[in-house]
Enquirer: 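Before I ask anything, here is the structure I am working with.
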Amino acid sequence: QGQLVESGGGLVQAGGSLRLSCAASGRTSSSWAMGWFRQAPGKEREFVAAISRSGGRTYYADSVKGRFTISRVNAKNMVYLQMNSLKPEDTAVYYCAGAESIVVPTTGQGYDYWGQGTQVTVSS
């Protein structure tokens, strides 16, 4: 079993930055692949970024590549999403997810644990 808690969301102007944090708890959480997803009102949940258990491999959606950076500190059971050059279309609820998998999933079906989400709003 595991639990994920996101924090760091908020309101920011276009061009600004935010850093989301995800605290993972669970006996094996440091061995999970981790991902970030987002869901805007009226839209499907979409993949944003993912990172392997060691942090050596990262994956990004084309829409955020070059602007967002996913990272993790296993000693603290923390995962981060640094978001720069934010755009109004980045507005969504952002979810942290964990997968008991060696393979890093880039779809929601591959994840076993989900956080409650944190709202990110980017004003124009």
Side-chain angles (χ1 to χ4, degrees):
Q1 288 293 333
Q3 185 176 9
L4 301 172
V5 179
E6 304 96 335
S7 60
L11 173 65
V12 64
Q13 287 188 330
S17 298
L18 280 176
R19 188 177 83 153
L20 304 184
S21 299
C22 174
S25 62
R27 193 165 53 87
T28 60
S29 59
S30 62
S31 66
W32 300 345
M34 299 295 295
W36 286 95
F37 291 76
R38 66 187 182 187
Q39 187 167 20
K43 295 189 176 180
E44 297 286 320
R45 181 180 61 193
E46 65 174 355
F47 168 75
V48 175
I51 189 167
S52 62
R53 54 177 65 182
S54 70
R57 288 174 287 138
T58 57
Y59 305 85
Y60 296 94
D62 287 343
S63 59
V64 306
K65 204 170 292 183
R67 301 188 298 122
F68 291 11
T69 302
I70 188 171
S71 61
R72 67 189 299 165
V73 179
N74 285 341
K76 296 183 178 182
N77 285 336
M78 295 293 296
V79 179
Y80 304 98
L81 185 68
Q82 178 66 44
M83 306 186 295
N84 299 328
S85 301
L86 282 161
K87 304 175 181 180
E89 51 264 44
D90 294 319
T91 295
V93 177
Y94 284 70
Y95 297 92
C96 176
E100 294 185 358
S101 170
I102 294 175
V103 174
V104 182
T106 57
T107 63
Q109 292 89 332
Y111 286 85
D112 304 294
Y113 307 104
W114 292 86
Q116 82 289 350
T118 186
Q119 176 71 46
V120 171
T121 303
V122 184
S123 63
S124 56

Enquirer: Looking at every non-hydrogen atom in both residues, tell me the closest pair between V64 and R38 and how far apart they are.
Expert: CG1-NH1, 4.0 Å

Enquirer: Which value, rounded to the nearest 0.5 Å, describes the distance between T91 atom OG1 and Q119 atom CD?
Expert: 7.5 Å

Enquirer: Taking all atoms of both residues into account, what is the closest heavy-atom pair of L4 and M34, and its distance?
Expert: CD2-CE, 3.8 Å

Enquirer: Between G16 and V12, what is the shortest heavy-atom contact and its length?
Expert: CA-CG2, 3.9 Å

Enquirer: Side chains of Y80 and Q82: closer than 4.5 Å at any heavy-atom pair?
Expert: no

Enquirer: When L20 is tested against each of V48, L81, I70 for side-chain contact (heavy atoms from CB on, under 4.5 Å), which residue passes?
Expert: L81

Enquirer: Between N77 and S30, do the side chains contain an N or O donor and an N or O acceptor separated by less than 3.5 Å?
Expert: no

Enquirer: So D90 and K87, salt bridge (Lys or Arg N to Asp or Glu O under 4.0 Å) or not? Walk me through it.
Expert: CA-CA 5 Å; D90 294 319; K87 304 175 181 180; over 6 Å; no

Enquirer: Using a 4.5 Å cut-off on heavy atoms from C-beta on, say whether the side chain of L86 contacts that of F68.
Expert: yes

Enquirer: Check whether any side-chain heavy atom of S21 lies under 4.5 Å from a side-chain heavy atom of K76, and answer yes or no.
Expert: no

Enquirer: Provide the closest heavy-atom pair for G110 versus P105 in the form atom of the first, atom of the second, distance.
Expert: O-CG, 3.5 Å

Enquirer: Is the distance between the ring centroids of F37 and Y111 less than 6.0 Å?
Expert: yes

Enquirer: Just wondering, are more than 12 heavy atoms of other shown residues or ligands nearer than 6.0 Å to NZ in K43?
Expert: no

Enquirer: Measure from the side-chain N and O atoms of R67 to the backbone N and O of S85, and report whether any donor-acceptor pair falls under 3.5 Å.
Expert: yes

Enquirer: What's the verdict on side-chain contact (heavy atoms from CB on, under 4.5 Å) for W36 and M83, showing C-alpha distance, side-chain angles and the deciding distance?
Expert: CA-CA 12 Å; W36 286 95; M83 306 186 295; over 6 Å; no

